[in-house]
Structure formats: structure tokens, C-alpha cells
Peer 1: 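For reference, the structure I am asking about is given below.
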Amino acid sequence: MKSILNEFEADWAAMPQADKSKIQQLKNKTILISGQNIARCLCYALLYQNDVKKLGAKVIFFGEPDGFYSEVRKRGDISFIDYNSLSEIKNVDHIIHTGLCCEDISPSGFCAEIKAINALSNVCAKNNAMAIYLSDSRVYGSHGGIKIYSENEYADVSTQAAPKAEASYLRAAENLWHCAQKQYGFDLTVLRTGIVFGACSGLKTHLDDLFDAVAKGKPCTLADSDGKLSFVYLTDVFNAVLHALNGLDRNETYNLSGINSTASNRMISAILKDVYGERAKITLSDTEGSAYCAINSNKLSFYGCEPQIKLETALELCVMSKTENPSAMSLPNTHDGRLDSIQSVLLAFMLEFDKICKKHDIKYFLGGGTLLGAIRHRGFIPWDDDADMMMLREDYDKFCKIAASELPPGMTFQSSKTDKSCYYEFAKLRLDDTVFATKFAKEHRHMHNGIAFDIFCHDKTANSALGRKLHMGMTIFTRALVFNKWNKRETDNGNKIQTVFTNFCVKLFPLRFSLWMRDKTISFFKRKKNAKYLYDGMGRNVYNGCFPADCLDEVIYADFEGKKLPVPKKYDEYLRFLYGDYMELAPLSTRLGCHEIELCDIGKFFNARLF
């Protein structure tokens with residue numbers, strides 16, 4: 001699918017924000033999908049996951065294959081059926097019908113929808129398959145401007161005005177599904193979406209002309225309305241479908257919208273003007289309102305399915321998809337325009353760090369995403385807001401001893417030994433008089449939360465496969481003890497016995513004892529001679545396992561923002577261990593910073609360009 005889809009299609013097909021465990025629960029399942037544009041896009045997403053995650057899922061599309069790429073129609077993991085063969089379908093696990101969701105509704109289209117629901121209900125009954133039905137916010141009827149509807153709240157639809165007729169059609173379709181569910185006894189979940197965006201998805205919205213005009217820098221007109229509508233990006237629709245299949249209470253109805261994605265046309269205009277400036281030549285004028293309305297999606301979040309895509313991100317992707325050269329239009333500068341300054345400050349950190357390491361003959365390498373940026377971008381990954389360094393144990397311990405005395409004024413070395421409110425596994429360099437706090441860090445206000453970069457140690461591990469497995473298992477266990485004690489959280493790793501044991505140990509052991517045990521576990525093999533393997537016991541890459549020790553034997557220098565900084569000579573082998581095909585760019589919607597920063601104040605460095 002990667003070779004078939006363009007980068008916007010590949011973005012929503014990859015479902016980068018979706019719960020990975022929910023995707024895995026589709027392994028070897030047979031899924032019958034019916035509908036129009038959203039249904040076709042969902043088929044692409046499942047086929048994409050078959051390629052990437054090796055799901056082995058079988059996709060059956062109920063409808064004409066004409067709208068699909070010819071290369072997709074030739075695949076062996078998707079088939080197409082019509083009414084004549086629908087009744088012969090056997091062993092279907094799930095049925096997903098997107099029906100009239102965010103599509104134009106006509107009397108003939110409504111009749112076709114009723115016919116499809118009757119046919120699909122019979123398949124559900126014969127296969128005891130779960131059904132998911134997608135509707136949209138038009139079901140609530142004519143809205144009162146600023147009203148926001150929850151699942152059991154409806155407006156009047158007593159007349160046959162066009163918006164109210166659409167509400168009648170959608171309510172009738174939902175009611176038919178509920179009647180069939182009660183008659184046959186299968187499980188049914190209804191998802192009512194806001195207006196669905198999807199770059200290059202074929203979905204039509206009242207904002208399409210606006211996106212096209214902003215992309216080309218041309219004047220455009222938008223209805224001057226303070227009545228709010230709810231929007232949701234296609235990725236969040238897919239994520240909600242996954243949760244509905246494996247997680248949400250069944251036989252319920254849920255509303256679905258994106259993050260902060262209920263807005264008026266005036267607010268849409270303001271967002272686009274804020275992002276694109278003079279390119280957004282938008283005039284507000286009096287025109288007819290929308291049949292859609294604003295919806296409250298708190299119920300879906302309450303039941304464990306949180307939206308991931310902000311309205312600004314959805315709008316940006318849709319505008320980019322309308323440009324002749326999307327790669328030439330950069331993504332918005334995140335952190336309220338501070339990203340360039342943050343990267344400039346991080347580079348200054350890195351150069352000070354480099355001076356100290358050279359002075360004391362300490363070997364280090366760029367690590368993680370910073371190493372990836374050096375090789376792929378010759379500098380920071382354009383949307384990245386942090387930096388990582390990595391060392392071997394002997395160099396890490398040496399640096400930790402001399403760092404505090406060597407750092408220039410205004411920089412602080414932070415570890416669990418120097419900051420009594422900090423229990424991170426790794427060390428950080430922090431910039432004083434700044435704040436750069438994630439949701440996690442916000443809970444620890446007494447800890448230094450200035451702009452930072454991370455210093456990781458890659459430790460030796462056992463040579464035997466069993467020894468490595470035990471070492472990494474113990475590392476993950478002791479890290480969980482510290483993390484959950486520090487943050488007053490319950491462990492739930494999916495294994496009941498392990499979960500009970502871990503939570504018992506969290507309550508039993510004092511935090512400082514767990515911290516000591518964690519650090520001893522990570523460095524357990526530090527005196528081992530002829531160690532063949534290393535692992536990242538301090539970072540997220542511990543879950544990747546171990547890698548050959550010779551990957552970090554030799555240093556070479558690579559260009560990084562016009563400077564020369566050290567990278568492993570075997571960077572290709574190491575990066576493939578971390579990322580697989582590391583030269584492939586991350587999905588578009590994820591290129592907005594790897595951290596959700598909730599408190600950002602960079603003080604005197606605002607608008608700074610240090611290099």
C-alpha cells in the first residue's frame with residue numbers, strides 16, 4: 001500500500017495515532033465493510049495494516065470496486081461482493097457500515113441505504129457478527145446556533161425542510177439497525193461523527209473551496225456564522241472504530257469529534273489566517289447555514305477512546321493536500337512559533353556538552369531522533385523539539401561526576417541524585433529560567449522543568465539469550481516500581497498475576513529502595529568483559545531488545561546544523577535496529593513535535609537565533 005497511496009492517504013491509512021493493541025486484535029479476522037468514501041478509506045487502512053503489522057486480516061467490501069485503485073483490486077486480502085453473493089458470506093467476525101455518514105443524502109440514496117441495512121443485518125444474524133454503524137451529527141436535526149448535542153438529545157424534525165429531512169433519513173436508518181439488532185440479537189455500536197475531514201479521501205465538506213483557495217493564495221468566501229459545528233479527522237474515525245470493535249461497551253451510541261474541534265466558521269477562518277497569514281484571503285458573508293451541528297463527544301472519551309487530532313492539524317493537512325507541491329509547504333511552527341528558538345537553544349546545549357566531553361576525553365554519540373535527524377536531515381528533524389545524547393557506562397558515569405562543576409552559568413545538570421524530586425532513569429541538562437513541561441512533568445512542579453536534552457547510557461547485558469531476556473525483564477519490572485510509586489499509579493500490564501505482584505511491590509518498597517534496585521539492575525553487567533550486546537535500559541528502546549556492542553565501538557562525525565558532531569560509525573545498523581526503514585518520513589499528522597507541551601516559557605530565548 002505504501003507504493004500505491006500518496007503521502008496524505010498513507011498518513012490516515014497508517015493510523016499512527018491509533019491504539020496499537022487494538023489493531024493487533026484484528027489479527028486473522030474477517031471484516032465486511034460497506035459504504036462509500038469512509039468505507040473505501042477504511043479498507044485501505046486495514047490493507048495497510050496487513051502490510052505493516054502482518055495482521056492477516058481478510059477484508060470484504062460490499063459494493064462496487066470501481067472507486068478503488070486497480071492495484072488494490074488485485075490484492076489477495078480483499079474481495080468485492082454484491083447483493084447476489086452477500087447472503088453466501090460465512091465466518092464474518094465484524095461488519096462495519098459507513099452508509100450515509102458525511103455523504104449527500106437523496107431519496108434514492110436513502111432507499112438504497114435501507115436495502116443495504118436489511119441485507120447486512122441478515123449477515124450479522126447468520127454469522128453472529130458484531131456490527132458498527134457510522135452516522136453523523138445531522139441526525140440531531142436543526143440546531144439552535146450554539147447548542148451542542150449529546151447522544152440522547154434531539155432537535156425538532158417535524159417539517160420537511162432540507163436539513164430536517166436529512167435528520168429524518170438518518171434517524172430512520174439508525175432505527176432500522178436497532179430493530180434488526182433486537183430481532184436477531186447481534187451486538188451493534190453506533191458512532192455519530194462530526195463533519196469528517198480526510199486529505200485526499202474523496203470526502204466532501206463545505207470547506208473544500210476554502211482549502212483550495214488558501215492553498216493557492218486566492219480570495220474566498222465563507223459563511224459568517226457563530227453557530228458551531230463539530231469536526232473530526234479520518235484517523236480519529238478509524239481509531240474510534242477500533243475501540244468499538246475491542247473495548248467500548250457494545251449496544252451503545254457514541255458521538256465522535258476531534259480535539260478542540262467544535263468551532264464556528266469564524267473560528268475556522270481565524271485559525272487559517274493565524275497559520276497562513278496573507279495566503280488566507282477569507283471574506284465572511286451571509287450564506288445559508290449547515291445541516292450539521294455541534295456534538296458532545298465526552299461519552300466516547302469517558303469510555304476510554306480519546307481523540308488524537310486537533311482541528312488545526314486537520315485543517316493544515318487538508319490545505320496541504322490541495323497544493324501543487326505539498327512538500328514545499330511546511331507544517332506550522334509548533335509551540336506557538338517557538339520551535340526555531342527551541343532548536344537553536346538545544347544546539348547551544350549540544351555544543352557546550354561537546355566541549356565538556358572533549359575536555360575530559362568522554363566518548364558520546366548523538367542518539368535517538370537526534371541521530372536520525374543528523375543522518376536524514378543533516379540537523380534537527382524539522383518538527384522535533386528535543387535532543388538526545390547516548391554514552392557507554394564508563395563515559396556516562398564519568399560525565400555525571402564532572403557535569404555540575406563544568407556547566408556554564410544558567411545550565412543545570414539533573415539526575416535522581418542531584419534533584420530530589422526527579423526519578424528519571426537518565427540524566428538531563430536543563431536551561432534555568434525556562435519552562436518546558438509535558439502533562440507528565442506538570443504533575444511534578446518541584447522538579448526542574450526547564451528546556452532540556454536527555455543523556456542516555458547504553459549498558460552491557462548478558463551474552464546468552466536467556467540472560468538477556470531475564471535482564472531486560474528485570475529492568476522493565478524495576479522501572480515500573482519507580483515510575484508507578486513516583487506517580488502514584490496502578491500497574492496494569494495485561495497479565496493478572498504480574499500486575500498484582502508489581503502493585504504489591506510498589507506499595508511494599510520505599511521509593512529510594514526501588515530507585516537503588518532499578519539503577520543496580522540497569523548497570524548489573526557494567527564490569528562484564530567481552531560483552532557482545534548492549535541495550536537501552538534507560539529509554540523507551542528497552543522494548544526493542546539488545547543490539548551488537550560493536551555498533552557503538554567507533555565514532556565518526558556528521559553534519560548537524562552546520563556543525564560536526566559525533567555519530568556511531570555503524571549508524572546504519574543501529575538506526576535500523578531502532579526504526580527499521582529510518583529514511584522513510586513519519587506520517588504527516590505526527591510531524592508536530594514528539595511531546596505534548598502544556599507549559600512553555602523560554603524567557604529571554606524567545607525569538608533567539610543563537611546560530
Side-chain angles (χ1 to χ4, degrees), residues 342 345-346 349-350 352-353 356 362 364 367-370 385-391 393 395-459 475-491 505-507 509-523 526 536-542 594-603:
I342 291 168
V345 169
L346 287 172
F349 265 120
M350 294 163 67
E352 288 294 336
F353 176 81
I356 295 170
I362 295 173
Y364 80 96
T370 310
D385 59 9
D386 75 341
D388 299 319
M389 305 292 137
M390 59 181 178
M391 296 176 171
R393 171 57 63 177
D395 296 296
Y396 180 83
D397 288 345
K398 185 176 180 180
F399 180 82
C400 290
K401 289 179 182 178
I402 56 93
S405 62
E406 290 287 344
L407 290 176
M411 292 176 67
T412 295
F413 174 74
Q414 183 186 55
S415 71
S416 59
K417 294 181 180 179
T418 64
D419 186 338
K420 299 306 179 184
S421 298
C422 171
Y423 294 93
Y424 288 122
E425 300 93 330
F426 48 90
K428 291 175 176 278
L429 294 188
R430 295 277 192 183
L431 186 62
D432 298 337
D433 300 319
T434 65
V435 182
F436 201 65
T438 62
K439 183 178 181 180
F440 170 82
K442 188 176 66 173
E443 301 301 319
H444 304 284
R445 291 186 291 274
H446 299 295
M447 181 177 70
H448 194 324
N449 276 312
I451 295 176
F453 76 73
D454 302 331
I455 307 170
F456 294 95
C457 175
H458 284 4
D459 278 280
T475 298
I476 293 169
F477 170 69
T478 55
R479 281 174 46 161
L481 293 183
V482 174
F483 182 84
N484 291 301
K485 187 85 170 184
W486 182 23
N487 294 284
K488 301 179 177 62
R489 297 182 185 179
E490 290 283 319
T491 299
C505 292
V506 168
K507 293 177 181 178
F509 299 150
L511 183 54
R512 282 286 160 184
F513 175 76
S514 294
L515 179 69
W516 173 85
M517 188 161 54
R518 180 198 70 189
D519 293 345
K520 288 296 183 182
T521 297
I522 292 173
S523 61
K526 70 177 184 178
D536 178 15
M538 294 183 174
R540 289 173 295 181
N541 298 317
V542 65
C594 60
H595 303 111
E596 285 293 328
I597 302 302
E598 297 205 355
L599 188 60
C600 181
D601 185 343
I602 63 176

Peer 1: Using side-chain heavy atoms (C-beta onward) and a distance below 4.5 Å, is K485 in contact with F509?
Peer 2: no

Peer 1: Please find the pair of heavy atoms, one from L346 and one from A387, that lie closest to each other, and give the distance.
Peer 2: CD1-N, 4.2 Å

Peer 1: Say you draw a straight line from CD of E425 to OG1 of T478; how long is it, rounded to the nearest 0.5 Å?
Peer 2: 8.5 Å

Peer 1: Please round to the nearest 0.5 Å and tell me the distance separating atom SG of C457 and atom NZ of K526.
Peer 2: 9.5 Å

Peer 1: Tell me yes or no: between the side chains of N449 and H444, is some donor less than 3.5 Å from an acceptor?
Peer 2: no

Peer 1: Can you name the side chain to side chain contact (heavy atoms under 4.5 Å, CB included) partners of V435, sequence neighbours left out?
Peer 2: A437, L599, D601

Peer 1: Aromatic ring centroids of F353 and F453 under 6.0 Å?
Peer 2: yes

Peer 1: Are the side chains of D386 and F436 in touch, meaning some heavy atoms are under 4.5 Å apart?
Peer 2: no

Peer 1: From L511 CG over to F483 CZ, what is the distance, rounded to the nearest 0.5 angstrom?
Peer 2: 12.5 Å

Peer 1: Might you point out which heavy atoms bring G450 and R430 nearest each other, and give the distance in Å?
Peer 2: O-NH1, 2.6 Å

Peer 1: Could you tell me which non-hydrogen atom of L431 sits nearest to which non-hydrogen atom of G410, and how far apart they are?
Peer 2: CD1-O, 3.5 Å

Peer 1: Over 60° means perpendicular and under 30° means parallel, so tell me whether F426 and Y424 are parallel, tilted or perpendicular.
Peer 2: parallel

Peer 1: G537 and T475: which non-hydrogen atoms are nearest, and at how many Å?
Peer 2: O-CG2, 3.7 Å

Peer 1: In this structure, are over 12 heavy atoms from other groups packed under 6.0 Å from N487 atom CG?
Peer 2: yes

Peer 1: If you look at every heavy atom in A480 and V506, which pair is closest and at what distance?
Peer 2: O-CG2, 4.4 Å

Peer 1: What distance separates L429 CG from E352 CD, expressed to the nearest 0.5 Å?
Peer 2: 10.0 Å

Peer 1: With heavy-atom distances below 4.5 Å as the criterion, would you say the side chains of S514 and Y423 are in contact?
Peer 2: no

Peer 1: Partners of R393 by salt bridge (Lys or Arg N to Asp or Glu O under 4.0 Å), sequence neighbours excluded?
Peer 2: D397, D459

Peer 1: Within this structure, what is the OH-OG distance for the pair Y396 and S415, rounded to the nearest 0.5 Å?
Peer 2: 6.5 Å

Peer 1: Using side-chain heavy atoms (C-beta onward) and a distance below 4.5 Å, is R512 in contact with P510?
Peer 2: no

Peer 1: What's the shortest heavy-atom distance between H446 and S421, and which atoms?
Peer 2: CB-OG, 3.7 Å

Peer 1: Begin from the C-alpha positions of T412 and L407 and carry the test side chain to side chain contact (heavy atoms under 4.5 Å, CB included) through to its verdict.
Peer 2: CA-CA 7 Å; T412 295; L407 290 176; 5.7 Å; no

Peer 1: Answer yes or no: is there a side-chain heavy-atom contact under 4.5 Å between D388 and F456?
Peer 2: yes

Peer 1: Side-chain contact test, heavy atoms from C-beta onward, threshold under 4.5 Å: evaluate it for H448 versus D432 and give yes or no.
Peer 2: yes

Peer 1: A side-chain contact here means heavy atoms from C-beta on lying under 4.5 Å apart; do I602 and V345 qualify?
Peer 2: no

Peer 1: How long is the span from the CE atom in M538 to the CD1 atom in I522, to the nearest 0.5 Å?
Peer 2: 5.5 Å

Peer 1: Among all residues two or more places apart in sequence or in another chain, which pass the salt bridge (Lys or Arg N to Asp or Glu O under 4.0 Å) test with K428?
Peer 2: D454

Peer 1: Do I455 and M391 have side-chain heavy atoms sitting under 4.5 Å apart?
Peer 2: yes

